[in-house]
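Each remark here refers to the structure printed beneath this line.
We name chains A, B, ... by the order of the sequence lines, and we start the count at 1 in each one. Worth knowing before you read on, the calculation uses all heavy atoms, side chains too, and leaves out hydrogens, waters and symmetry mates.
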Number of protein chains: 2
Amino acid sequence: MKLQQLRYVCEVARHNLNLSTAAEALFTSQPGVSREVRNLEEELGVDIFVRHGKRVVSVTEPGQAILEIAGRVLGDIENLKQVGQDFTQRDKGELTIATTHTYARYVLPQVLQRFSQQYPAVRVSLRQGSPDQSWDVVKSGEADIAVSTEPTKAPDHVVMLPCCGCERAVLVPHGHPLLKVKKLTVEAIAAYPIITYDSTFGGQSKFYRAFAEKGLEPNVVLTAIDSDVIKTYVELGMGVGIVAKVAYDRKRDTGLRSLDASKLFAASTTYIGIRANNYLRGYTYDFIEMFAPHLTRAAVDDAMRTNGHRAPSRRAVAAQSGR
Amino acid sequence: MKLQQLRYVCEVARHNLNLSTAAEALFTSQPGVSREVRNLEEELGVDIFVRHGKRVVSVTEPGQAILEIAGRVLGDIENLKQVGQDFTQRDKGELTIATTHTYARYVLPQVLQRFSQQYPAVRVSLRQGSPDQSWDVVKSGEADIAVSTEPTKAPDHVVMLPCCGCERAVLVPHGHPLLKVKKLTVEAIAAYPIITYDSTFGGQSKFYRAFAEKGLEPNVVLTAIDSDVIKTYVELGMGVGIVAKVAYDRKRDTGLRSLDASKLFAASTTYIGIRANNYLRGYTYDFIEMFAPHLTRAAVDDAMRTNGHRAPSRRAVAAQSGR
DNA sequence: CACCGTTACGGTATCCGTAAGGATT
DNA sequence: AATCCTTACGGATACCGTAACGGTG
């Protein structure tokens, strides 16, 4: 069995079971892919792909299991390379962060500024999307870490590290009646049209629950995935905005006022997400600690260890002694 | 990078960093091992082993990480082979169970009898030891599953599936005064010398706690790891035995009487343990379900999925496209 | 007919074992 | 002096790309 074969098989699966395009993506010849796939199938004794005549049409049942394991192996090979990089080019590399607009725009800038100062040679990329998308991107290994609220569905293979609460604020234009209210209540808010995050975003259940508890139904007139968009429409007088508290900056948002709503809506939690069994570069640990000081390297390792890692297997090693 | 290299490196680590014996174990030449280890080190850019002149003396820090990952890869390669076996030789293979004397002797026989009837071509081996040992053996991959009470230290990389309670009984010889007691109490037991399991066995904390709660200290005169040994000494009149309820068989143990102690000592739980990310043969699932009917294949998979598995990584695959 | 996967073949690079050479204990 | 790792060398193997072939839609 060769790593090449695992690579080929995974690549074929990723390219709609098309050997030719897979070969192209692998910068190799198409007959070579065909041959190695067959060699692997022969060695394992089972077909991975279902062929109709001379066309690959689907994945067999054992093929599913094989692809999953093969993918894990390739991920680990990548991890090995990362270990090398980590010790030779300590301060150089890439860091891909999957996050939402709110974090990318209002929380991460300060952290990333500090980070880039310390690690000027690390190329940081942000992958912006909904919380669910962020978690998926981490799960698939496209991003190193997620910074987001919790996903709607619990993501397997990903370790979630709670960071801090993410409180809400109510944004209104100048002179809005809500500014005169002595004590802000859910009832008071419910009287106005509401602009808030799209339902693909986390923490919305808590938002609706707060209204439901009072027997109210919020009149949500507009949703967006973007705090800035919400602010724009609030400024236009289309409604009151309910956004993350951090999204309001008194100096910048001169057309708006912010009212603390942390007591009204249960705070959702900010998490950092890491793919299980992923080797993290030293600077990634540092980034995490900059973001959430309590998440030291030891704390992160500990959380990962109790979730995904696995130790070497004596038996597996012994079983392969014969070449 | 080649799988061979990973195998070599792991084997060297397992053989006290001795290349020669590692080479022997791998059925290859010693210079070959030396060369491939260096090749891998060169490819990754870091030393895995520390050399004093021409002697390998220890593992470097990156080496530690590399060995861990390499071991995981080799385990997965083994998993791939298991997939093949599972679909070609469905009913043939091996099943290694790590367990304690009590389970091996009193619980598993009935299950294994049924199992062997259904899978005559599966070679079952029992690896007997303390609970901690059982878990370690599963963790290392030497055994497929553990059947045991909980370990003293939580084992990472292992999925624990609760099966059922494991209640205690008090064993006494015929004519023992305890047989005349109306309601068995901890106090009554404390009046006699006690024979029970060795402290390396689980559930002992619950045993001592029951006494401590009454301000008593049990007079443990003898400990053993083996219910049969305990029974022998009880029969000799050396004390009262406190053992797992299942270890008493009225028909066989004619010289003894059993008193239910399930109310006196908190029941410890029986667990099945599986190594995270281990591919399980079909018959292994069947064995588990025979042992604990509620642990269906779906239930087991689900528990494993939320603990260890990992999906293929697009990024890792893409990063390796260039050969 | 265009696309796609398999088979056949030959050159090349890689791999591995043998033999000899320094270091360390 | 014995053990252990490294270097050097040569032969066999296996790998991979090119070219031609056979199905499929």
Side-chain angles (χ1 to χ4, degrees), chain A residues 1-60 63 66-67 70 74 77 320-323, chain B residues 1-60 63 66-67 70 74 77 320-323:
Chain A
M1 196 176 330
K2 293 174 303 173
L3 288 173
Q4 200 90 300
Q5 295 171 333
L6 304 184
R7 253 172 246 143
Y8 284 11
V9 164
C10 282
E11 202 66 12
V12 169
R14 288 190 52 224
H15 284 77
N16 296 318
L17 309 175
N18 183 321
L19 293 210
S20 307
T21 59
E24 201 172 344
L26 289 159
F27 301 105
T28 186
S29 72
Q30 180 269 326
V33 175
S34 174
R35 183 181 26 210
E36 290 309 320
V37 170
R38 290 209 104 98
N39 282 348
L40 180 61
E41 289 180 322
E42 192 180 353
E43 179 170 356
L44 295 179
V46 291
D47 280 4
I48 298 170
F49 300 113
V50 178
R51 295 160 174 86
H52 267 187
K54 293 211 169 180
R55 230 146 264 223
V56 178
V57 292
S58 62
V59 179
T60 64
I66 290 167
L67 285 171
L74 296 179
I77 299 303
Q320 291 173 15
S321 298
R323 104 179 94 106
Chain B
M1 196 178 327
K2 294 175 302 175
L3 287 173
Q4 200 90 303
Q5 296 171 332
L6 303 184
R7 251 172 250 143
Y8 285 11
V9 163
C10 283
E11 203 65 11
V12 169
R14 286 190 54 223
H15 285 76
N16 296 319
L17 310 176
N18 184 320
L19 293 210
S20 308
T21 59
E24 202 173 342
L26 288 160
F27 302 105
T28 185
S29 72
Q30 179 269 326
V33 175
S34 175
R35 183 178 15 182
E36 289 310 320
V37 170
R38 291 208 101 97
N39 281 347
L40 180 60
E41 290 180 321
E42 194 180 354
E43 178 169 356
L44 295 179
V46 291
D47 280 4
I48 297 170
F49 299 113
V50 179
R51 294 161 175 87
H52 268 187
K54 291 209 169 181
R55 231 148 262 228
V56 178
V57 291
S58 62
V59 179
T60 64
I66 289 167
L67 285 171
L74 296 179
I77 298 303
Q320 294 172 13
S321 297
R323 112 176 88 104

Between [X] ([atom1]) and [N] ([atom2]), how many Å, whole number?
{"X": "Tyr8(A)", "N": "dG5(C)", "atom1": "OH", "atom2": "C1'", "value": "16 Å"}
{"X": "Gln4(B)", "N": "dT14(C)", "atom1": "CD", "atom2": "P", "value": "16 Å"}
{"X": "Leu26(A)", "N": "dG5(C)", "atom1": "CG", "atom2": "P", "value": "13 Å"}
{"X": "Glu24(A)", "N": "dC3(C)", "atom1": "CD", "atom2": "P", "value": "13 Å"}
{"X": "Leu19(B)", "N": "dT24(C)", "atom1": "CG", "atom2": "C1'", "value": "14 Å"}
{"X": "Asn16(B)", "N": "dC4(D)", "atom1": "CG", "atom2": "C1'", "value": "14 Å"}
{"X": "Asn18(A)", "N": "dG25(D)", "atom1": "CG", "atom2": "P", "value": "14 Å"}
{"X": "Arg7(B)", "N": "dC15(C)", "atom1": "CZ", "atom2": "P", "value": "13 Å"}

### Task
Hey, which sits more toward the 5' end of DNA chain D by its nearest nucleotide, Pro31(B) or Arg55(A)?
Pro31(B)
### Task
Could you tell me whether Lys2(A) and Glu43(A) make a salt bridge, using a distance below 4.0 angstrom between a side-chain N and a carboxylate O?
no
Looking at [X], I'd like to know whether one of its side-chain N or O atoms comes within less than 4.0 Å of OP1 or OP2 on [N].
{"X": "Thr28(B)", "N": "dG17(C)", "value": "yes"}
{"X": "Gln30(B)", "N": "dG17(C)", "value": "no"}
{"X": "Ser20(A)", "N": "dC3(C)", "value": "no"}
{"X": "Ser29(B)", "N": "dT18(C)", "value": "no"}

### Message
Closest approach to the side chain of Lys54(B), judged atom by atom: which nucleotide of dT6(D), dT7(C), dG25(D) is it?
### Response
dT6(D)
#### Entry: Given dC4(C), dC16(C), dT6(C), the nucleotide with the shortest approach to the side chain of Lys2(B)
dC16(C)
Just jot down the side chain to side chain contact (heavy atoms under 4.5 Å, CB included) partners of [X], sequence neighbours excluded, or say none.
{"X": "Ser29(B)", "value": "Pro31(B)"}
{"X": "Glu24(A)", "value": "none"}
{"X": "Glu42(A)", "value": "Asn39(A)"}
{"X": "Thr60(B)", "value": "Asp47(B), Val50(B), Pro62(B)"}

## Note on the structure
Smallest heavy-atom separation, Tyr8(B) atom then Glu36(B) atom, equals CD2-CB, 3.5 Å
### Query
Distance-only, no hydrogens or angles: does the Asn16(B) side chain make a donor-acceptor pair with backbone N or O of Asn18(B) under 3.5 Å?
no
Considering residues at least two apart in sequence or located in another chain, which fulfil the side-chain hydrogen bond (donor to acceptor under 3.5 Å, both in side chains) criterion with [X]?
{"X": "Arg38(A)", "result": "none"}
{"X": "Gln30(B)", "result": "none"}
{"X": "Lys54(B)", "result": "none"}

### Angle by which the axis turns from one end of the helix from dC1(C)-dG25(D) to dT25(C)-dA1(D) to the other, five pairs per end, to 10 degrees
40°
### Query
Considering only heavy atoms, which members of residues 32-52 of chain A lie under 4.0 Å from some atom of DNA chain D?
Arg35(A), Glu36(A)
